[in-house]
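Here is the structure we will look at.
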There are 2 protein chains.
Amino acid sequence: MPPGARLAVSTVIFALTPDADGDLPSLRIPLVRRLREPDKGRWALPGGWLPTTEALDVAAARTLAETTGLTPKHLEQLYTFGDLDRSPGERVVSVVYWALVHTNEIAHAVSDSNVCWFDEDSLPDLAFDHRGILDYALRRLRTKLEYSGIAHALLGETFTIAQLRGVHEAVLRRRLDPANFRRTVEASGTLVDTGTRLAGTRHRPPALYRFDDTSDPHPAPLIRTQTPTPCPGSGTAHQEQPPIAPDELRERDFSTTHQG
Amino acid sequence: MPPGARLAVSTVIFALTPDADGDLPSLRIPLVRRLREPDKGRWALPGGWLPTTEALDVAAARTLAETTGLTPKHLEQLYTFGDLDRSPGERVVSVVYWALVHTNEIAHAVSDSNVCWFDEDSLPDLAFDHRGILDYALRRLRTKLEYSGIAHALLGETFTIAQLRGVHEAVLRRRLDPANFRRTVEASGTLVDTGTRLAGTRHRPPALYRFDDTSDPHPAPLIRTQTPTPCPGSGTAHQEQPPIAPDELRERDFSTTHQG
DNA sequence: ACAAAAGTGTTCGCCTTACACCCATGG
DNA sequence: CCATGGGTGTAAGGCGAACACTTTTGT
């Protein structure tokens, strides 16, 4: 029973451009430069090897904090990539997460010649298959934004509805009707009016809202255990049993691979 | 750099009850009995350790074929479970897939005292955290059925619209309007009329359809590579770089874990 | 007073849902 | 010719897109 492959954890991090005062924000992704072979010198997703005594999500949060200095507001498993030819010479399986960080968090981020923020549409050449992974994460972000209230995770604690709309417009890359957007998010019941208003605008001051996190519409699965049961109708045959491996759990996704 | 954890691959397999002639079919899941410690004697998801030279989905298909004798029509990554306390004594990370098999495939399945089919709502006690995983897979199956044409993967090559509706009704556990269901699936453009009809019914013979697999609405991500780029604006700091791991790709999902 | 964005009201059209009805075959 | 499910037609209701309109601030 060989270990099979080395296990790594990587994260695709999304943040917004520190808003250019009036202009629409855009998505930015921090990447780190590889200091070793293989693919030394190229840009890659932050990550690292999985320690024996660390949960997957914890490892993702730790490695991204170590490399970029960020603590994400939202962290979610993306997919596990395990093809044979991903890394030259060695078999590596990567459990990839994606994360959203607050705009004001970006200030605390590591600034370094080896850590760099790239705009969504001016990405450099990436190491390994990281470009495909990043594109996939972008698809997921866009898909999830349309049915889930995660946009707030890219803003600060409080925000205006217009700012929230700006996030949606930036991520979805299309204009949204202010009136309809307002009604939609108000109807979702996930926003709480703080009572305060944002001053300093050169027009009517907008209300500031806070996100209501007391209602997750996409709950994590629960674990439970019971007591053994016999096999109801059993035939007779021989069957060599490979070792069965245990599993864990987290949240919700979709992925497809056809196989005849 | 330790291996971190042992890597396993497991699969949640779904099939339909060989239809009870008129009655609504129901979901069945094959489980295997564990022949070793830990959790020896309990029922578990089919699976095995990941070999060094095998892709994840290939390993999933192989292990489920070896244990159950089945070749799934649909195979898709579910989630990767990697908590610390999943398996007593050893750290195991499991990449879990879920699969759909044709009704007629079930006949070829292994019949054994150690391989047993369980109805969706009469499941036994499961080993490790497999019960939570199974419930999660069920949630995903139900969610995906509503926006994706995967129901046919539980039937044979050809099927009537009523049979297809039966699958939806069984999985979603609610009645569907025959007229509206017909129009919906016909409008989706994924069905091809075979010209033949199903005989032997005690009423009007229904048309037999085939699934049109030439249009996947949920494409797999693509990989591409380019050429290096410099870091636009770079500050100055020191940064210890953990090894960055490469990643792979497949299809689409959603999962959530919050982290302050 | 004017500009500009916040916020409200209302209409239009589509799409889903519900259900009435005809069609074709076995008994 | 009747029962049964296959298959078609159609009207009602809900919901989102589009857009006119009012409100509130800064300059």
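In the text below, chain A, chain B and the rest are named by the order of the sequence lines, each starting its count at 1.
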Using whole Å, what does the distance between atom [atom2] of nucleotide [N] and atom [atom1] of [X] come to?
X: B:Q163; N: D:dG5; atom1: CD; atom2: P; answer: 14 Å
X: A:R182; N: C:dT8; atom1: CZ; atom2: C1'; answer: 9 Å
X: A:E186; N: C:dG7; atom1: CD; atom2: P; answer: 8 Å
X: B:L198; N: C:dG26; atom1: CG; atom2: C1'; answer: 13 Å

Would you give a per-nucleotide map of nucleotides 11-27 of chain D, 5' to 3', where B means the base has a protein non-hydrogen atom under 4.0 Å away, S means only the sugar-phosphate does, and - means neither?
------BBB---BBBS-
Comparing B:A199 with A:R165, nearest DNA chain C nucleotide closer to 5' gives the residue A:R165
Lys/Arg-Asp/Glu bridge criterion (N-O < 4.0 Å) met for A:E146, A:R174
yes
Could you tell me whether a side-chain N or O of [X] sits under 3.5 Å from a main-chain N or O of [Y], the two making a donor and an acceptor?
X: A:T103; Y: A:L154; result: yes
X: B:R175; Y: B:E169; result: no
X: B:R142; Y: B:V171; result: yes
X: A:H74; Y: A:L100; result: no

Please name all residues satisfying side chain to side chain contact (heavy atoms under 4.5 Å, CB included) with B:A15, sequence neighbours left out, ordered by chain then number.
B:V101, B:I106, B:W117
